[in-house]
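We use all heavy atoms of the structure for the numbers below, so side chains are in, but hydrogens, waters and symmetry mates are not. Naming convention: chains lettered A, B, ... in sequence-line order (proteins, then strands); numbering from 1 in each chain.
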Amino acid sequence: MSIRWLALLPALGVFVGIIFANRVTPYVLGLPFLWFYVLMCVLLTAAVMAIIYAVDPENKRS
Amino acid sequence: MHISALIIIFATILIALVLGIMAQRNRKMDMEQWTVAGRGFGILFVFLLLAGEIYTTFTFLGGSGWAYGVGGPAVYILAYGAMAYALSYFILPRIWRYAKEHKLISQPDYFEQMFHSKSLSMLVALVGVVAIIPYLQSQFTGLGLIVEVASYGAINHVWAMVIGMGVIAVYVTISGVRGSAWTAVLKDITILLVVLIIGIALPIHVGGLSTMFHKINQLRPGFLTLGGHGMGLPWFISTVLLTSLGFYMWPHSFGAVYTAKNERVFRRNATFLPLYQLILLFVFFAGFAAILITPGLKNTNLALMVAVEKVFPAWFVGVVGGAGILTAIVPGSLMLMTAGTLLAENIYRPLTGASSRQVQLVARIMVWVVAAITLYFSINSNATIVTLLLMGYNFVTQFFPSVLLSLFTRKGVTKAGAASGIVVGVAFVAYFTLTSTSILWGMNTGFIALLANIVVLLLVSAMSRNSSVTEMEQMQS
């Protein structure tokens, strides 16, 4: 199975996980929970894409 | 008199012009140089060109204005960028490869080459220009507001928009895409600094991040989450889908993809761009702080500038204004240039069979025509910046199904399928736009149009496949 499937993880966070995250409390780092949650999704996207980039054989060529 | 703010703003415009003019020295400006810089841009420039479109007036004034005006739903802006970048990893390298192989210059070229159809490419060009106009309008609107506020009313926003339009059009006529890249460097540095300063200072001014959000939540319960103004979870999900799929379907973004030196540039950028996205958070902080600093503004687009004006000294208002102007000039020039190229290269040329020289001249004239039309709309409208952008997205995302299918399973989509999908999608969008329906059944109407588009595309492709296969066989025999 290709490492590229990992990209589904942040997508699930944004399109499905959001259903459970639409709330103000608890505040995390001063942010309303919804905003903190979406922030985490963005960070997760960056991390996942970095992993995919590092492992994907497509980027090893030349 | 707050002359310092004005001096800084006009100095910024001057620097941008000089950079634009310098960028084209010693280069023969044929169409490939003017629009795709000879396909020679590396990671940094492609990053800035693609990111340059994210940090536009849309995010700077629009994003903060939405945080100020509608609250929670503004969080979609944070999410859709990240989704778009993840997607870019998989589709941009393929688009780039195809474009390079066939020496494509514009987005309609892609459709013409893929489906062997001049009329389809003309349709795509036309829809592209229609979509760009509200986007460009949002940039002009932002420009007008910035100059108006920063000059403390000395220049009214109509004149400010006229000046801004002139600057952008001169700039594009002279230097093309290279001008955009250099000014993008200047823009990204200033906007980064300005957004960080404002995004930290304004919340501190109202008692810190946590106090700020607690106060807003007490003042207006439910404001910080999804659900207000009919924008609940279904709206969020459909809007993020619509905008992240459409992100690279903008004619100017699609075209910026062609400027890369190699395809790895995109994969590398897909990992950095989501982090760059975090700057947006500070824009929202500024917008939220504005609720407590300057409540009750009728024009929410103004929230950030007015809050800055109330808290900071005049010279800093000038710096913020200058940065804001760059966020309008860079993407604005790219959009204008693209609109000019689309009209000249993809509609005028096939209709008249004109020579390359003539097409270049027409492209530069069209830049002014589109600028004038957009200016007319900008003066007569008071839509929020985000609403304008979403309107454009409704149009461009209609390209996505046929682009995706043609990239991955060329056989899955026929010329007739692609054309009818786009026509139906655009017809839906036009209807929703004319009736001012942006939300239906809790969902973004652009997304509903996209679904209709996909259904029609698949049905028509399935029906026309047999005939096109026999056509191909006939051609071969």
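Here the side chains of L43(A) and L278(B) are in contact, with some heavy-atom distance below 4.5 Å. You'll find the side chain of P10(A) reaches within 4.5 Å of the side chain of M83(B), heavy atoms only. The shortest side-chain heavy-atom distance between V24(A) and F223(B) does not fall under the 4.5 Å cut-off. Under the 4.5 Å side-chain criterion, counting only non-hydrogen atoms from C-beta, M49(A) is not in contact with Y85(B).
By number of non-hydrogen pairs under 4.5 angstrom with chain A, the leading residue of L87(B), T211(B), I237(B) is I237(B). Among the candidates Y76(B), F285(B), F284(B), the residue making the largest number of heavy-atom pairs closer than 4.5 Å to chain A is F284(B).
Taken to the nearest 0.5 Å, the CD1 atom of I19(A) stands 11.0 Å off from the CG atom of L226(B). Between the CZ atom in R4(A) and the CZ atom in F90(B) there is a gap of 6.0 Å [rounded to 0.5 Å]. The structure places CG of L78(B) at 7.0 Å from CH2 of W35(A), a figure rounded to the nearest 0.5 Å. How far CZ of R267(B) is from CD1 of I52(A): 11.5 Å, rounded to the nearest 0.5 Å. Atom CZ of F15(A) sits about 10.0 Å away from atom OG of S238(B), to the nearest 0.5 Å.
Within the 4.5 angstrom heavy-atom criterion, atoms from both the backbone and the side chain of L224(B) approach chain A. Both the backbone and the side chain of L241(B) have a heavy atom closer than 4.5 Å to some heavy atom of chain A. Contact annotation for L233(B): only side-chain heavy atoms (C-beta onward) come within less than 4.5 Å of a heavy atom of chain A.
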